[in-house]
Amino acid sequence: MLKKLDYNFYNREDVVQIARELLGKILVTRMQEGFTSGRIVETEAYCGVTDRASHAYNGRRTARTEIMFNDAGRGYVYLCYGVHHLFNVVTNAKDVPHAILIRAVEPLIGLDIMQRRTGKQQNDFSLTSGPGNLSRALGIETRLSGIDLTGSTIYIAEDGYSISGNNIVATTRVGVNYAGDDALLPYRFYVRGNGYVSARKH
DNA sequence: CTGACGATTCACT
DNA sequence: GTGAATCGTCAGC
């Protein structure tokens, strides 16, 4: 049975620890097309004002990033390369702009809906591998940015499944070379051996 | 108002 | 491995 993660899960200080804990949890969307869900197998932590890789680095506060300065438990969705909708979870207290990028899930429910949304002919790993692909499969778009993750449209739940520490790989984040030394931080986590983990499996 | 560019993906060589 | 797609965002003028 599913138990939705509540405000107290998101409203904690250690964004890196939360990113690790999100592995094995279930991301659910309930849209017009129906119910879809997938188990989270890859995440990245973004540590706000002190993290050069974060959109909120150095307190950069704009219309787009404002949602990260909001209270915990919201979704932050933004458009990347004009094409891809990337889904993040906002954590920690109001005015502390921590966020966690969900980079890959393993599909659980609604495979037919996911295939329809993505137009994929086959059900291969690419269906929900990578932040752009999983958002498309689950129907997540930028217009949903700011959504309350304790609501019923998008939420994350646990079902008792857990991943042992030695099956969690910690490594550097993808596509953040511009971040100088912060690009070297081990803020990316994924499930060892899972086929849905996106590029650069080391 | 303008220009540069991105927490990516995919087709093609 | 390389390059194009594609457009909202944001700094700078």
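For the numbers below, each heavy atom of this structure counts, side chains included, while hydrogens, waters and symmetry mates do not. Letters A, B, ... are given to chains in the order of the sequence lines, protein chains preceding strands, and every chain is numbered from 1.
- We find that CZ of A:R61 is positioned 14 Å from P of C:dA11, with the value rounded to whole Å.
- Shortest non-hydrogen contact noted between A:I26 and A:R39 is CG1-NH1, 3.9 Å.
- A cation-pi arrangement is found for A:R61 relative to A:F69, the charged atom lying closer than 6.0 Å to the ring centre and inside a 45° cone about the ring normal.
- The side-chain contact (heavy atoms from CB on, under 4.5 Å) test with A:L22 is passed by exactly one of A:V41, A:L5, A:T91: A:L5.
- When rounded to the nearest whole Å, the span between OH of A:Y81 and P of B:dT9 equals 10 Å.
- One interatomic measurement links the two molecules: CZ of A:R60 to C1' of B:dG6, which rounds to 11 Å at whole-angstrom precision.
- Contact annotation for A:R136: backbone-only contact, meaning every heavy-atom pair under 4.0 Å involves sugar-phosphate atoms and none involves a base.
- B:dA7 atom C1' lies 14 Å from atom CG of A:L185, rounded to whole Å.
- If you check every strand for non-hydrogen atoms under 4.0 Å, A:V83 touches a base.
- Using a 4.0 Å cut-off, some side-chain N or O of A:R64 falls inside it from OP1 or OP2 of C:dC10.
- Atom pair A:K120:NZ and B:dC10:C1' shows a separation of 9 Å (rounding to whole Å applied).
- In this structure, CG of A:N177 is placed 10 Å from P of B:dT8, rounded to the nearest angstrom.
- The aromatic ring centroids of A:Y78 and A:H55 lie less than 6.0 Å from each other.
- Geometrically, A:R30 does not engage A:Y155 in a cation-pi contact, judged by NZ or CZ lying under 6.0 Å from the ring centre and within 45° of the ring axis.
- In this structure, A:L86 reaches the sugar-phosphate backbone alone: every heavy-atom distance under 4.0 Å involves primed, P, OP1 or OP2 atoms, never a base.
- A straight line from CG of A:N133 to P of C:dA5 spans 19 Å, rounded to a whole angstrom.
- Nearest heavy atom pair, residue A:L138 against residue A:L27, reads CD1-CD2, 3.5 Å.
- In terms of phosphate contacts, A:Y178 brings a side-chain nitrogen or oxygen within less than 4.0 Å of OP1 or OP2 of B:dA7.
- OP1 or OP2 of B:dA7 has not a single side-chain nitrogen or oxygen of A:R188 nearer than 4.0 Å.
- A salt bridge links A:D112 with A:R116: the distance from a Lys NZ or Arg NE/NH1/NH2 to an Asp or Glu carboxylate oxygen falls below 4.0 Å.
- Here A:Y46 counts as stacked on B:dA7: its ring centre is under 5.5 angstrom from the base ring centre and the planes meet at under 30°.
- Residue A:T62 has no polar side-chain atom (N or O) positioned under 4.0 Å from OP1 or OP2 of C:dT9.
- Distance A:F87 CZ to B:dT8 P: 16 Å, rounded to the nearest Å.
- Taken together, the paired segments of DNA chain B that extend over three or more consecutive Watson-Crick or G-U pairs, each closer than 3.5 Å at both contacts, are B:1-6 with C:7-12, B:8-12 with C:1-5.
- In this structure, of B:dA7, B:dT8, C:dG8, it is B:dA7 that holds the atom nearest to the side chain of A:M68.
- For B:dA7, the base has no donor-acceptor partner in the side chain of A:H84 [N/O atoms by modelled type, under 3.5 angstrom].
- Nucleotides C:dG3 and B:dC5 have their C1' atoms positioned 16 Å apart, rounded to a whole Å.
- Between the P atoms of B:dT2 and C:dT6, the separation comes to 22 Å (whole Å).
- In summary, of the residues considered (A:V89, A:T150, A:V28), a side-chain contact (heavy atoms from CB on, under 4.5 Å) with A:I156 occurs for A:V89 alone.
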